[in-house]
Amino acid sequence: MTEAETDAVLEAQETQFFDDAARNVLAILPERKQDMARLQRIKNTDTLPTVTVIGKYNHGKSRLLNELTGTDRFSVADRRETVELSEFDTQGVRWLDAPGLDADIEQKDDGHAHQATWVQADIRLFVHAAKEGELDARERTLLETLRRDDERTLRQTLFVLTQVDQLSDTAVLDQVSRAIAAQASAMPIHAVSATRHRQGVAGDKKLLVEKSGIPALQSLLSQALAKVPQARAHEAATLFSSIGEELDLLLKARKKELVESLAQQHQQRSDFEQGLTTVFDKIAVDLQPVLEVSGTDQSLVPDSFENMFKLTAGKRERAHIQIAYSRACIAINAHLVKHGVTELPQAQQTSVRSLDTVMVAVMGVSVKYRDDLRRMFCEPDGRVHLQQQFARYFELSEDRMNLSHRITDTQAHVEQLERAIASLQVLEQA
Ligand SMILES: Nc1nc2c(ncn2[C@@H]2O[C@H](COP(=O)(O)OP(=O)(O)OP(=O)(O)O)[C@@H](O)[C@H]2O)c(=O)[nH]1
Ligand SMILES: [Mg+2]
């Protein structure tokens, strides 16, 4: 492998590494896409300090870059010319020409300009043609946004008033400069003329070159470029800490939500179980008189054929037992309803709606005798069995399932956030 090929492989690996980590952050904060792209650029020490132009179309951006680089690298025309980003690396600087800001139909050109200004640029030359006079509303808003961004990131924006040769005299230039300065929060204005510079260079006219304002701008640019490494370090730290803080806040909120949901889950279950125990205790007490029999258990004595339509002791006893059992069922059902346990889980439902209740599923539909009731409500095994059955349906009830899903989702979100935070830390230390 040649050295160039090795470099390409290493760069691809580095990009992949960044992309993977960035993906974890963007999974949580998709709106940070631009910030992550910016971080990727400035964390890479191979990225040349980048100067971009920004401004409305035909204001002389491309021509200014040609003068600054001493080339004809960027295409210039008397109409909307630059529609894509075009870059040129020279003297350790990347010069970036961007389309003018005048929203084309699909806003694609503006997208390029946006990318140049916010993701790629370390230094931005805000270009405005002198003959246009004052800034329009859109330029003013953009300039203010850039100014605030400069404060936050320590990137630098220089205001360049172009095509000043088009003004009739210096008095008009002063007037325009003053008007613009008032609009641009007293930002220094650097007046230039590409035409004068080109003529001065071609004719070796030092005074004209000087008067073009280009050498002065070049020297300001050198000072600004010298500050780029420091500014990038500051910007990276600012971005890492603001993204980190945002993730931390989200994690804190999610963890709090998780703790609360788990506590709620626990509390609901214990309320359900305690309440059910109370209900069962009361049922056991209420059943005592019905279950106590001395001598023959009349309820077990079958009616003879002749007694079929007569009220016998056996019938009376069986009726008592059924009433007591129904009372027990009503008490349990009231408890279930109070805790949202009514319908059977979908998978267990039949075509007979009246049988699709948790009560029927647990207690069955058979007639109960004294022994059944004793076993179910008064013996520990029976009680534990029933309570377990009801608890199982409690867990399968709609609200409980929703809570449980919410907890699973929150847990997944917490893990996702922890991954994003770890990835961000890895990137910061890389
Ligand atoms: N007189 C004069 N004309 C200039 C100067 N700078 C640029 N122009 C002319 O203004 C027109 C637009 O210049 P460009 O550099 O193409 O403008 P631009 O801002 O890059 O325009 P887009 O790429 O369309 O956004 C061209 O005809 C240039 O020759 C200058 O300093 N003086
Ligand atoms: Mg252009």
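On a predicted model such as this, the values are computed, not experimentally measured, just so you know. Sequential numbering from 1 along the given sequence is applied to the chain's residues. Atoms within each ligand, like the ligands themselves, are counted from 1 in listed order.
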For V362, which of L336, T357, I332, L386 qualifies under side chain to side chain contact (heavy atoms under 4.5 Å, CB included)?
-> L386
For residues 419-430, which side-chain N or O atoms pair as donor and acceptor with protein atoms under 3.5 Å away, sequence neighbours left out?
| unit_1 | atom_1 | unit_2 | atom_2 | d |
| --- | --- | --- | --- | --- |
| S423 | OG | N24 | ND2 | 2.9 |
| S423 | OG | R419 | O | 3.0 |

Evaluate the salt bridge (Lys or Arg N to Asp or Glu O under 4.0 Å) criterion for residues E67 and R196: first the C-alpha distance (whole Å), next the side-chain angles of each, then the deciding distance (0.1 Å), finally the verdict.
-> CA-CA 10 Å; E67 297 315 307; R196 284 182 191 146; over 6 Å; no
Taken by chain and residue number, the protein N/O/S atoms under 2.8 Å from the Mg ion (ligand 2) read S62 OG, T82 OG1
Is the F280 ring parallel, tilted or perpendicular to the F377 ring (thresholds 30°, 60°)?
-> tilted
Could D165 and K131 be called an ion pair, given the rule that one side-chain N must be under 4.0 Å from one carboxylate O?
-> no
With the threshold set at 4.0 Å, does a side-chain nitrogen-carboxylate oxygen contact exist between E257 and R254?
-> yes
Does any donor atom in the side chain of R32 or S242 lie under 3.5 Å from an acceptor atom in the other side chain?
-> yes
Taking only heavy atoms of the protein into account, state which residues are under 4.0 angstrom from an atom of ligand 1, in chain and number order.
-> K56, Y57, N58, H59, G60, K61, S62, R63, V76, A77, D78, R79, R80, E81, T82, G100, Q163, D165, Q166, S193, A194, T195
Carboxylate-amine/guanidinium contact R148 E144, below 4.0 Å | yes
Residues forming a side chain to side chain contact (heavy atoms under 4.5 Å, CB included) with I330, sequence neighbours excluded = none
